[in-house]
Amino acid sequence: MNIHFDAFVRHGMALAATHGVSWEISLDHTGAAVKGQEWDLTKLAGGVAPTHRLRHLCSDPSALSALNGVRVSNGLPPLPFVTFSTPWQDLIKAAVMQQLFVRRNSPGHVTNSVVRPLRVIATCLAAIEPWQATVDDMALAVAIGKEVQASGKLGDLIAGLTNDLFDINHLTDSGPLYPALASSRLQTRAPRRSKFLRSQSEIKHSLEERKRAERLPERRAFWELVRIVMTEQPLTFMDEVRFAAIRIMILTGFRIGEAVLLPVDWRTERHYYDSKQRPAGELGGYSHSLMIRHFAEKQQAKNARSTVLIERSHYVPKMFEDIVMETLARAVAITDPLRNTLRKQVDTGRLLPDFQPGDLVPVTRIYTFLTGNAFWLDLSDVQKKSLIDRCRRHYSVESFAEIQRLQEQMSVHSQVKVSAAASMYFRRMAGIDSRDCGAVSLRNEDGKAISFSSAGGDLHSAFVRIGELESHLRTAAASKLPDAEPFSLEDRNFASWEFLFLHPKRSLSEERNGGICDVSRYFAVGRPDEGLVNRGLGEQKSRDTLFQRYGQSAADKELVLTSHSLRHLQNTELFRLGVADTIISKRFNRRSVVQSYEYDHRSLAEELDQLELPDEVEAALGDKASTVARMIQLGRASGPIVNAFKQIQSSEGDAAAFDFLKAEADGFHATPYGHCLNSFTVDPCPKHLECFSGCRHLSATDLPENRSHLQTLELKLVATVEAAEARSSSSLGRSNQIHHAKTRLAGVRTLLATAPGEKPFPGGQDLSLAAPKGVLDE
């Protein structure tokens, strides 16, 4: 065993012992933890929800399927599903301990960005131990990760762990692995035509291409989502909550976790006055601004608990104030019944606080509290539809109370039967056809226990005792228990009922059966998590996304959208509209403006449009000179013209500098290899666009197209040199050919190594000057 691997595992064991975690996890025959033996990562980190667990220490099914597909195609036998060896299990557990208690990462990050990639690595390398891993093994794991997840994120996480876990901790005998793995991951771009061979429309299109456009929402999916959440009538309570959360994400750019965890007391206002205490609105400004109180992510201090909620305020632009207030006011109103129920549950510690533990309650009355289904009588579809439509307009306590009163009147004055769903529910609860060990006793009105069969199926005369029912629910319906645990703020606890987007848990009567959930009575109140929105957008695998439910065409129903792309979109649009990077950074709770530029996906044309020149200067310069001036301001151009411009600007002022630029502006050229700032008004380029052969006017760029051209050219020149040197001829032509190729190869490599904006050949010949005449020249 590698001594560093042994030390890493021992450190993980020590962390587990310090925090009272049992290192050994008992596994069943499938490699899953025996019930009660799994690690509750959320609880270990001091968090509340959502719950993340370390449960599976066995092959990842998706990775194993992809791996076996590769093996079969190569004529190799498929690998079986296995439980990981002890060293692989120890590595996963030690990594979890380090991530939770040393790096203080959140349980969600540990589960998705550490445990899942490690399981894929272990699945691909199950035949060897962790310290025996090689570059080829890790490259295979990266390839399988990319095969499993089309976005490539899982493959990138595996490559990242190779560096952050295996290499940094020296876990392998043949490390470091990442440098070779990183170079092998570089993908050669498809050959492209040089810009001087493109048409004008093609060049315009390339200027309008956005940087890292894959991080922005797909145009059709975005506008279809906007149409759905802004114009469609939600079909269920859960959809109305999702619509509200997504609207807020579109309008504010919140991360998904920030949007779903908004507090019910979200509104904050700031008022502005002058020195004489007059409202700023009377002086042409704004007297007040609306802000959203929220819990911002990625705000924790170093080594602080990752589960503590950090409170911040987010300014709402004036143009969005009305729709934000309308959306959140509606969300508060429809979730108020759930909030009242949850608050009483938290205060009393009981599941059914509207009753006393000794109360005998008719099962027809308690049915709606247990299932959320507003209908316990067998009403006609026409009656149900009318009542459902009326409820969905308000989701008010009064509208649900009307449904209950109507059914109680009908049950007294007619022979309407109890619905089949209610009858089956209590049949199972009473112990018949039930696998639950704690069956509830049905009783008559005197409190005497009766069987379901002795009641003759007539539930009108059957009762349950509330205390017995609550005990039954705590054991038999654990997944429906209300989310009552408080969260932690920096200075106090935050009760679960104080969240805005509360929702009924597993409301099958509405979500699956097309009915309606009585949110004024249902005991299973859920606290929101990211899945509330992710499943609706299709970001998490779901058979019923918002696109599938509300899409107008077959193509619309297949759309998927990544929630974080909405944040990228708003950040880019703010840049495009000329908002200062400091304001953008403050809006998104960032510590540095550098972070905002990671979300900047403007095209070069959009960046240039945002650089303003004085009107009189732009009119005097014309289009081309104005473009050059903007590129100089943006730092995207360098060369003799730029140097002269800056020198004149500093010594003689802006007017003289712009006059110089007007005369020399035709010297800006975009070449396949970089930017050229030299004037060839009379004569063409003496290098014939072989800029890489030592031209002093060339400046390097960071454009991927330029680097692709240079990398392709480098490979061709290397092949040319090797082919020429392999020839046995000693002619002068062969020597000239080799010298010519090596000179250009050295120039290409110099250009590739030059930082963007710098000149690779500052001491090269100035080809804009006439060649000196010799004694034989006329």
Side-chain angles (χ1 to χ4, degrees), residues 134-136 138-139 142-143 159 174 176-198 202-203 206 637-640 669-678 680 683-769 771-772 774:
T134 65
V135 171
D136 291 339
M138 289 301 185
V142 170
S174 56
L177 306 178
Y178 184 75
L181 182 64
S183 61
S184 67
R185 290 172 62 223
L186 292 176
Q187 298 181 355
T188 303
R189 292 178 177 269
R192 299 182 181 182
R193 288 184 298 157
S194 298
K195 289 187 177 179
F196 65 87
L197 293 178
R198 296 181 185 178
E202 288 176 314
I203 294 175
S206 67
S638 63
H669 308 278
T671 78
Y673 314 109
H675 291 154
C676 174
L677 284 174
N678 186 48
F680 299 120
D683 297 320
C685 173
K687 285 288 186 180
H688 303 288
L689 289 179
E690 283 193 353
C691 313
F692 48 82
S693 62
C695 182
R696 68 185 299 176
H697 301 300
L698 179 68
S699 62
T701 73
D702 57 353
L703 296 177
E705 294 87 351
N706 291 155
R707 297 196 64 82
S708 176
H709 293 146
L710 290 169
Q711 289 167 353
T712 302
L713 186 59
E714 180 185 21
L715 296 175
K716 291 181 178 179
L717 289 172
V718 169
T720 300
V721 172
E722 291 176 350
E725 290 180 339
R727 295 173 186 164
S728 58
S729 173
S730 59
S731 66
L732 182 61
R734 173 180 176 274
S735 300
N736 289 338
Q737 183 182 17
I738 293 174
H739 175 73
H740 181 275
K742 285 186 174 180
T743 300
R744 279 147 182 77
L745 178 59
V748 168
R749 287 175 172 169
T750 300
L751 181 53
L752 282 170
T754 304
E758 299 296 327
K759 292 185 288 186
F761 314 111
Q765 181 183 356
D766 188 352
L767 300 176
S768 63
L769 302 177

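Counting from 1, the numbers follow the sequence of the chain as shown.
The minimum heavy-atom distance between Thr134 and Ser174, with the atom names listed, is CA-OG, 3.8 Å. Across Ala700 and Ala755, no two heavy atoms sit closer than the pair CB-O, 3.6 Å. Residues Leu710 and Val748 approach most closely at O-CG1, 3.5 Å, considering heavy atoms. Closest approach of Pro760 and Thr750 over heavy atoms only: O-CG2, 3.7 Å.
A side chain to side chain donor-acceptor pair (under 3.5 Å) with His740 is found for exactly one of Arg744, Gln737, Lys742, namely Arg744.
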For Val718 and Arg749, what are the C-alpha separation, side-chain angles and deciding distance, and is it a side chain to side chain contact (heavy atoms under 4.5 Å, CB included)?
CA-CA 11 Å; Val718 169; Arg749 287 175 172 169; 3.4 Å; yes
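Expressed to the nearest 0.5 Å, how far OG1 of Thr743 lies from CD1 of Ile738 amounts to 11.5 Å. Note that CG of Leu751 is 8.0 Å distant from CZ of Arg707, once rounded to the nearest 0.5 Å.
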